[in-house]
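All remarks here apply to the structure that follows.
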There are 2 protein chains.
Amino acid sequence: MTEITGTGDPARSLSLLWRLVEPSPRGRGAEAGLSVDRVVDAAIALADAEGLGALSMRRLAADLGVGAMTLYTYVPAKAELLDLMVDTALGEFPSLYTPAADHWRARLEAVARASWAQYERHPWLLQVAASGRPPLGPGVLTKYELGLRAVDGTGLDEVAMDAVFTLIEGFVAGTARGVVDQVAAEQATGITETEWWEATAPILDRVFDPERFPTVTRVGPVAGEAQQAAYDPRRAFEFGLARLLDGVAVLVDAAP
Amino acid sequence: MTEITGTGDPARSLSLLWRLVEPSPRGRGAEAGLSVDRVVDAAIALADAEGLGALSMRRLAADLGVGAMTLYTYVPAKAELLDLMVDTALGEFPSLYTPAADHWRARLEAVARASWAQYERHPWLLQVAASGRPPLGPGVLTKYELGLRAVDGTGLDEVAMDAVFTLIEGFVAGTARGVVDQVAAEQATGITETEWWEATAPILDRVFDPERFPTVTRVGPVAGEAQQAAYDPRRAFEFGLARLLDGVAVLVDAAP
DNA sequence: GTTCCTTGTCGTACACTGTACGACTAGCCT
DNA sequence: AGGCTAGTCGTACAGTGTACGACAAGGAAC
């Protein structure tokens, strides 16, 4: 279940994200005391607690004690609601980011860990396809600003600064997605990752041909044993982050 | 729209993936000439042509000229069908992988480019959440085998070999997802990425505060201009791959 | 040659989704 | 007091995956 953002008129979306529309308590004026913010907050709470799959317009409306169609007074459609959710959740970045200041590498590592923490808090962020046309609201821009500052003063030009932040951010998101997928699989099946691996490994052993997959035969069991699973996202995060920062360091050292 | 794999009984899934069940042309015996392979091939063709969103059991059945429930004779549920689709599509890896042989770096780069090509051919692969519990069929294992061979003989131990391949593979998938998201957004809205950016940029200019986002003010326009969009996945791929291989090189050089 | 059993086919039904449409009503302005 | 505006929401539509059970066709047994 992936949702798409960046649908809908850019002008309309941006004015929503930056809350350019007045609260306008006219006419019957917010009968149930609702507002865009209350809707968005409830949506985030629901997605946090029960996953993006549980977030339907009817369910959200029920949580807020109104009819389903009432939500459309505050939000043009579900896609825009998701934009707002993403921007709001990503806006928590500064509270999770405590940079060790002096060296770019320490700052960039802190960015990666803060980003990881965000995805742990709001796993549904990873199920919203926002990379192509991000909701350019205050939350997203704040995260982008702090991310760029981490690589500022390294001698890299503007294009490279953007590329480095995007690379780190994409890496974190990709790896965090592994956690989300595992949790989703556990919830869907009632079987933990370790149990699944223990059930799968012996059957697999019997079914596959060591002559055809000699390197897998040598490496697979060692790696599987080390992780107690087919894939351990947390290990992958630590390993990958170190490699990535090493790679960026090569670039920084080459810069004037 | 993300689908989950790894649901369902591991033993049942594995015997499907490795085609351990006999064709069994008994009873009325495959009336319409159907088979697991025909179903899977048709599903892949449909997803390739019209996206994963168009792949419904009813639609797939219609394409094959049978009733919807007939599919459940060949496949236990949609989740298992997706497993089979993933394994089959990933099994095309060898035909796209032409390693430049001698140096690990050239091999690993070829792995990344072949993987990228796979995701370009079958974008829906990225919408199937397979990272947690991959369908361990012949296709997946073949790709894993060739990926591991690329980093074999570098002095890295087994766990590191697995980690490096996983890192590269995750990077490619994450970056390729950017392309998929953009194409999906274009299809959903009828607006191209460049058009969207040209519509968004000027409004954004007016709405946001340069004092609050000084680094974004400096970097954003330069990066945006260079890419003609908020994000250019192909550039990100080239840039990230170079950084990543540099980082791996640091690790390889440190190994005995 | 008749019967039975196995196996493949598939119509119907259920609970669910996002949201267009239009009816209703409560509050403010004139 | 009358009218208008703006928030509320019931109903409806076209779609989803798949459980259930009815049906039919071929092979095996007598």
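For the numbers below, each heavy atom of this structure counts, side chains included, while hydrogens, waters and symmetry mates do not. Bear in mind that the values here come from a model prediction, so they are computed numbers and not experimental data.
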Item checked: Distance below 4.0 Å between A:Tyr74 side-chain N/O and D:dA6 OP1 or OP2 ->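 So the side chain of A:Tyr74 is outside the cut-off, no N or O lying under 4.0 Å from OP1 or OP2 of D:dA6.
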Note to self: Could you work out, with salt bridge (Lys or Arg N to Asp or Glu O under 4.0 Å) as the rule, every residue matching A:Asp48, not counting sequence neighbours?
What the structure shows: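 Salt bridge (Lys or Arg N to Asp or Glu O under 4.0 Å) check on A:Asp48 returns nothing, list empty.
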Next item on the list: Between A:Arg59 and B:Thr70, name the one whose nearest nucleotide on DNA chain C is closer to the 5' end.
Entry: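 Going by which nucleotide is closer to the 5' end, it is B:Thr70.
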Whole Å only: how far is the [atom1] atom of [X] from the [atom2] atom of [N]?
X: B:Leu55; N: D:dG15; atom1: CG; atom2: C1'; result: 14 Å
X: A:Met57; N: D:dC9; atom1: CE; atom2: P; result: 14 Å
X: B:Leu52; N: D:dG17; atom1: CG; atom2: P; result: 10 Å
X: A:Leu34; N: D:dA6; atom1: CG; atom2: P; result: 18 Å
X: B:Glu80; N: D:dG17; atom1: CD; atom2: P; result: 14 Å
X: B:Tyr72; N: D:dG17; atom1: OH; atom2: P; result: 6 Å

Measure from the side-chain heavy atoms of [X] and tell me the nearest of [options].
X: B:Ala77; options: C:dC10, D:dT18, C:dT19; value: D:dT18
X: A:Met69; options: C:dG11, C:dG18, D:dC9; value: D:dC9
X: B:Thr73; options: C:dT9, C:dC21, D:dT18; value: C:dT9
X: B:Lys78; options: C:dT9, C:dG18, D:dG17; value: D:dG17

Result block: side-chain N/O donor-acceptor pairs under 3.5 angstrom for residues 39-47 of chain B, not counting sequence neighbours:
none

Next item on the list: Taking the side chain as every heavy atom from C-beta outward, state whether B:Met85 and B:Thr88 have any atom pair closer than 4.5 Å.
Entry: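 Not touching, per the 4.5 Å side-chain cut-off.
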Check: Is there a side-chain contact between B:Leu136 and A:Val207 (heavy atoms, below 4.5 Å)?
Finding: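 They are not in side-chain contact.
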Next item on the list: Mark yes or no for a side-chain to base donor-acceptor pair under 3.5 Å between B:Arg58 and D:dG15, with no hydrogen or angle criteria applied.
Entry: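 Flag unset: no donor-acceptor pair detected.
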Next item on the list: Mind checking A:Ser56 for me? I need base, sugar-phosphate or nothing, with any heavy atom below 4.0 Å counting as a touch.
Entry: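 A:Ser56: backbone/sugar contact only, no base atoms under 4.0 Å.
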Next item on the list: Mind checking B:Ala68 for me? I need base, sugar-phosphate or nothing, with any heavy atom below 4.0 Å counting as a touch.
Entry: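 No contact at all - B:Ala68 keeps every heavy atom at 4.0 Å or more from the nucleic acid.
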Check: Just how far is it from atom CZ of B:Arg133 to atom CG of B:Asp83, taken to the nearest 0.5 Å?
Finding: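 The CG atom of B:Asp83 is 11.5 Å from CZ of B:Arg133, to the nearest 0.5 Å.
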